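Would you mind keeping the following structure in view while I ask a few things?
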Amino acid sequence: MPEKTGTVERTLVLIKPDGVQRGLIGSIIGRLEKKGLHLAGLKMLVLDGATAERHYAEHTGKDFFPSLISFITSGPVVAMVWEGPNVVGMVRSMMGATNPVAAAPGTIRGDLAISMGMNLIHGSDSVTTAKREIPLFFSAQELCAWQSTETDWLV
Ligand code: DAT
Ligand code: MG
């Protein structure tokens, strides 16, 4: 059997309000599930302004910040934590570039989105960022420790 390598990481994924409105929750989760990533937590919520501003704190002061906050709080999002070796980078690859015009075909944004503002999905951009973002959405009790029967054939 191949050797198992890699430290387990966690990443925060949001299906943004456009993904919920467009009926793409199942398609987006399906892509991550089919890849073999491990789901550790999931909920649907409407973000309040303060949490949205903390989540996107790195963009405070940029010209698009007000519209970003207004969009992300405009309706329900689906928040998830996925975990596994290299999961942060894998989710970023599967998301595609921030601007869907530049996102490669085969990626979520490349296949399913058109506009920079409404690009369907958020994924933490580093392990450090994930550690800051996850507690904004999930308490420790809301994350499940469970073993998929497929794990031995995946990682
Ligand atoms: P990503 O979502 O790929 O991590 P980001 O963190 O740079 O990208 O930006 C967060 C979101 O803000 C992004 O998904 C869409 C929006 N955004 C980023 N840059 C923008 C810009 N120049 N004009 C309008 N919206 C922008
Ligand atoms: Mg980002």
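Every number for a ligand or one of its atoms is a count from 1 in the order of the listing. Keep in mind that what you see is a predicted model, and the values were worked out from it rather than measured.
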Original post:
When you look for protein heavy atoms under 4.0 Å from ligand 1, which residues do they belong to?
Top reply: Lys16, Tyr56, His59, Phe64, Leu68, Arg92, Thr98, Arg109, Met116, Asn119

Subject >> Verdict with reasoning, Trp82 to Glu9, per side chain to side chain contact (heavy atoms under 4.5 Å, CB included) >> reply: CA-CA 8 Å; Trp82 292 83; Glu9 301 175 353; over 6 Å; no

Show me the side-chain donor-acceptor pairs of residues 62-70 shorter than 3.5 Å, one per line, residues at least two apart or across chains.
unit_1: Lys62; atom_1: NZ; unit_2: His59; atom_2: ND1; d: 2.9
unit_1: Ser67; atom_1: OG; unit_2: Phe64; atom_2: O; d: 3.0

Show the atom names and distances, to 0.1 Å, of all donor-acceptor pairs under 3.5 Å that link a side chain in residues 97-105 to residues at least two apart or in another chain.
unit_1: Asn99; atom_1: OD1; unit_2: Val101; atom_2: N; d: 3.1

Original post:
Would the number of heavy atoms belonging to other residues, nucleotides or ligands and lying under 6.0 Å from CD1 of Ile114 be above 12?
Top reply: no

**OP:** Name all pairs fulfilling the side-chain hydrogen bond (donor to acceptor under 3.5 Å, both in side chains) condition that reach into residues 33-53, sequence neighbours left out, sorted by first residue then second.
**Re:** His38-Trp146, Lys43-Glu142, Asp48-Thr51

Original post:
Does some side-chain heavy atom of Arg10 sit less than 4.5 Å from a side-chain heavy atom of Val87?
Top reply: no

